[in-house]
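Worksheet for the structure shown next.
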Amino acid sequence: MGTDSPTLLDQLFDAPAQRTVPVLVPMPAPKPYSYLVPAHMHVEPGSIVQVPLGPRQVMGVVWDGEDRPDVDPKKLKSITHVFDCPPLKPDMRGFLDWVAGYTLSPPGLVARMALRAPAALDPEPMVEGLRLTETRPDRLTPARARVIEAAGNGLFWTRSGLAHAANVSSSVIDGLTAQGVFETAFMPPPPVVAPPDPDYRPVSLDPGQARAARVVCAAAQKGSFEVALIDGVTGSGKTEVYFEAIAETLRRGRQVLILLPEIALTAAFLQRFEARFGAKPAEWHSELAPRTREKVWRQVTEGGVRVVAGARSALFLPFTDLGLIIVDEEHDPAYKQEDRVFYNARDMAVVRARLGDFPLVLVSATPSLESRVNGETGRYSPVHLPTRFAEAALPDLGLIDMRRHPPARGGFLSPVLVNAIGKTVERGEQALLFLNRRGYAPLTLCRVCGHRFQCPQCSSWLVEHRFRGQIQCHHCGYAERTPEVCPECGTFDHLAACGPGVERIAEEIDGHFPGARTIVLSSDLMGVKRLRLELEAIAKGEADIVVGTQLVAKGHNFPLMTLVGVVDADLGLSNGDPRAAERTFQLLSQVTGRAGRTGRKSQGLIQTYQPTHPVMQAIVSGDREAFYQRETVERERALLPPFGRLAAVIVSADTRGEAEAHARGLRQAAPAAADIRILGPAEAPLAMIRGRHRFRLLVHGKRSSDMQAFMRAMIAAGPKPRGTLAVQVDIDPQSFL
DNA sequence: AGCACGCCGACT
DNA sequence: GTCGGCGTGCTC
């Protein structure tokens, strides 16, 4: 590092002539900063460098374009180090720029997402390898024989790897090395994953799958930008179809990225991949151990890793030759990041594929509305997969009209559902009860004075968590011990829990079936590790009744699960979100799909007070087409709010695509408004004050810091803004390209 | 985003 | 008398 630093002589004599380059630093500055390049240092656009920034050293990326330092030349500092690492390629730099522009985020913060592996920037150290020589030890013990046997393939072994393979301690190997039985050499570090073999174990596809596979393989063969949308119900074999596209891309020697929502829970997926390709894909998600993370990052940039399966952040890995992206469960809201840089990884993946000119495959049993519309308009190529299995293997879905079959007093489960659970358990099979609400009860009130427990920080109701003895705010994380006394009227022991959470449903189940093994699965009760173990235990039959939140809906298979009960199907329908029906439909499809994957007779029972609601009808009739068409019309209508006469509109939203959707709707609602612009929270206040028009400002901020920044900027701007301030729910884009 | 600087409450 | 809370401001 020291050799890169400018010497005193450099500074005295060369400084005036020194070249400067723009460098993106991991900071919310609107543009790159300028840095001096020391005389003998080589940098090019994309070089990953270390630079001084205020009191610390940070990493940055040399960026494109002419550098025009607009700062006192004496303040310019020099690049301290160039990392020995492949520079970011032009298409990656273009992608990062595009994302920054589109999401209204500082480019430095976007670039930072691509460099999320600090210690990986210099090459991994070489490791010492051992290879068998002709020499043999003077005394051949059984342990020594095993080692020689194991190492007999003429390849280099690591010391610990060989010890493990021969089932001996490493001191045996040290002994042999000392006698000259092994020669040592430095070799490149071992790959984090073995290379996948596209022809390892192809599965036979049924005619429907084969047809779909031909479409995606043709795209993979062509290798140019194209978006396929694979749409098929649970169990139709979508994964096998896109595996074929992956195989094709691997044969062409290019890298593949598989995006999955919440990969930490998808051990089953990795196994399926390994069974098909003979090796696991490299994983990329937030739970990764730092060492592994660095290795994966490094080997992805160098091209050693061929396939990455990852969460949304994997989209920002600097692949050396990415040739295909798969976005599985394309509709899943987990693809949206609403932190720092706001983006939807599914949409950004399409952009990355277009900029890199390679194909992309979107996959879902319940595609998002916007992807369906893009399929219909020909922007994407729809690939429909017919149902593979006989009807009998799909769960028999039915609604329970809660007005006709009300629960017992104080309970939340109708006798119809309780009955079905009883029969299931008697048969030695499993039942799953789904309720998308953590904790014991969503609201606590005082029976004497009517006081409701509210969050002191954000005004939502505090949720009782009885297992923990706490009441918690699910929005801001505020928590306190469950009180026994009403803070308002001082009455002791008269607090009432209102409404159900999973803990309360489990309590009700225990009352009905005291002998059954009931388990609660909720994200707040256990870490990812524990959860994985619990899911495995359940799959092995170590529980009779599972009560779970949303996480049970995500792709885990329970072979003995023959009954799925939805406790409150109406829950998500009344929260004012224009996507409520779509989301509920997707969630109910997914959770009822947890039953009936084994060929056994299985059923899904859905408790609802609105049995005629289009979502409920779509679920039981299986007529998804009609539902989607209706929802598309509804969504169009939601995008046309009654804004009356508007001269100008400024929109700010958490996801750029959502702001676009607003803007489109508003342009239609008010064609006279020529000046509809989309601005970030920092620019919007200024425009509000300087603008000469009447306007309406839409701000969506789940982040309080964002709103605070906005308000601060508004106050700093001085005069009182003209216009109205409205808070609007977020809406997904119909399209964005 | 991080980090320093700076100004007011409870404590070894 | 200090330690420490987080508000404000700056970084090529």
Side-chain angles (χ1 to χ4, degrees), chain A residues 1 4-6 10-11 14-39 41 43-83 93 96-97 99-101 103-119 121 286 290 313 316 337-343 456-458 476-478 654 680-683 685-686 701-718:
Chain A
M1 197 195 287
D4 293 335
S5 305
D10 283 337
Q11 284 174 16
D14 297 345
Q18 258 181 344
R19 184 164 75 103
T20 73
V21 287
V23 175
L24 275 186
V25 286
M27 211 199 54
K31 64 186 195 67
Y33 279 177
S34 301
Y35 282 89
L36 297 166
V37 185
M41 183 184 277
V43 294
E44 57 186 293
S47 291
I48 299 173
V49 294
Q50 188 181 51
V51 292
L53 181 68
R56 66 212 157 104
Q57 294 283 325
V58 296
M59 58 184 160
V61 189
V62 177
W63 217 239
D64 303 83
E66 194 106 344
D67 190 47
R68 17 117 199 79
D70 54 358
V71 76
D72 178 1
K74 283 198 281 291
K75 282 179 78 179
L76 290 176
K77 294 180 182 173
S78 292
I79 296 173
T80 39
H81 181 64
V82 188
F83 289 104
R93 300 201 301 274
L96 296 177
D97 265 338
V99 172
T103 60
L104 306 167
S105 316
L109 293 190
V110 179
R112 198 177 68 142
M113 299 195 294
L115 305 177
R116 278 285 169 82
L121 296 173
S286 57
S313 60
F316 292 93
Q337 170 151 65
E338 296 181 322
D339 176 49
R340 296 180 181 122
V341 179
F342 287 46
Y343 66 92
Q457 294 173 25
C458 64
C476 67
Y478 173 85
D654 61 351
E683 313 159 272
L686 289 173
K702 286 197 183 87
R703 292 187 310 170
S704 60
S705 68
D706 211 38
M707 291 300 279
Q708 281 165 16
F710 175 78
M711 296 313 274
R712 262 206 303 279
M714 188 124 102
I715 291 159

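Numbers restart at 1 for each chain; the letters A, B, ... are given by sequence-line order, proteins then strands.
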Enter the distance from A:Ser105:OG to A:Arg112:CZ here, rounded to the nearest 0.5 Å.
-> 11.5 Å
With A:Thr20 via side chain to side chain donor-acceptor pair (under 3.5 Å) - residues at least two apart = A:Asp67
Only counting residues at least two apart or in another chain, list the ones meeting side chain to side chain donor-acceptor pair (under 3.5 Å) with A:Ser313.
-> A:Trp284
Would you please confirm or rule out a distance under 4.0 Å between OP1 or OP2 of C:dC12 and any side-chain N or O of A:Lys77?
-> yes
Is A:Arg56 near enough to C:dC12 that one of its side-chain N or O atoms lies under 4.0 angstrom from OP1 or OP2?
-> no
Protein-nucleotide distance ([X], atom [atom1]; [N], atom [atom2]), rounded to Å:
| X | N | atom1 | atom2 | answer |
| --- | --- | --- | --- | --- |
| A:Met27 | C:dT11 | CE | C1' | 6 Å |
| A:Met59 | B:dG2 | CE | P | 11 Å |
| A:Leu109 | B:dA1 | CG | P | 7 Å |
| A:Leu24 | C:dC12 | CG | C1' | 12 Å |
| A:Asp72 | C:dT11 | CG | C1' | 14 Å |
| A:Gln57 | B:dC3 | CD | P | 12 Å |
| A:Leu36 | C:dC12 | CG | P | 11 Å |
| A:Leu53 | C:dT11 | CG | C1' | 5 Å |

Looking at the side chain of A:Val71, which of C:dC12, C:dT11, B:dA1 is the nearest nucleotide?
-> C:dC12
How about A:Arg19 and A:Met41: do any of their side-chain heavy atoms sit closer than 4.5 Å?
-> no
Sugar-phosphate, base or nothing in reach of A:Pro52, heavy atoms under 4.0 Å = sugar-phosphate
Would you mind classifying the nucleic acid contact of A:Pro69 as base, sugar-phosphate or nothing, using non-hydrogen atoms under 4.0 angstrom?
-> nothing
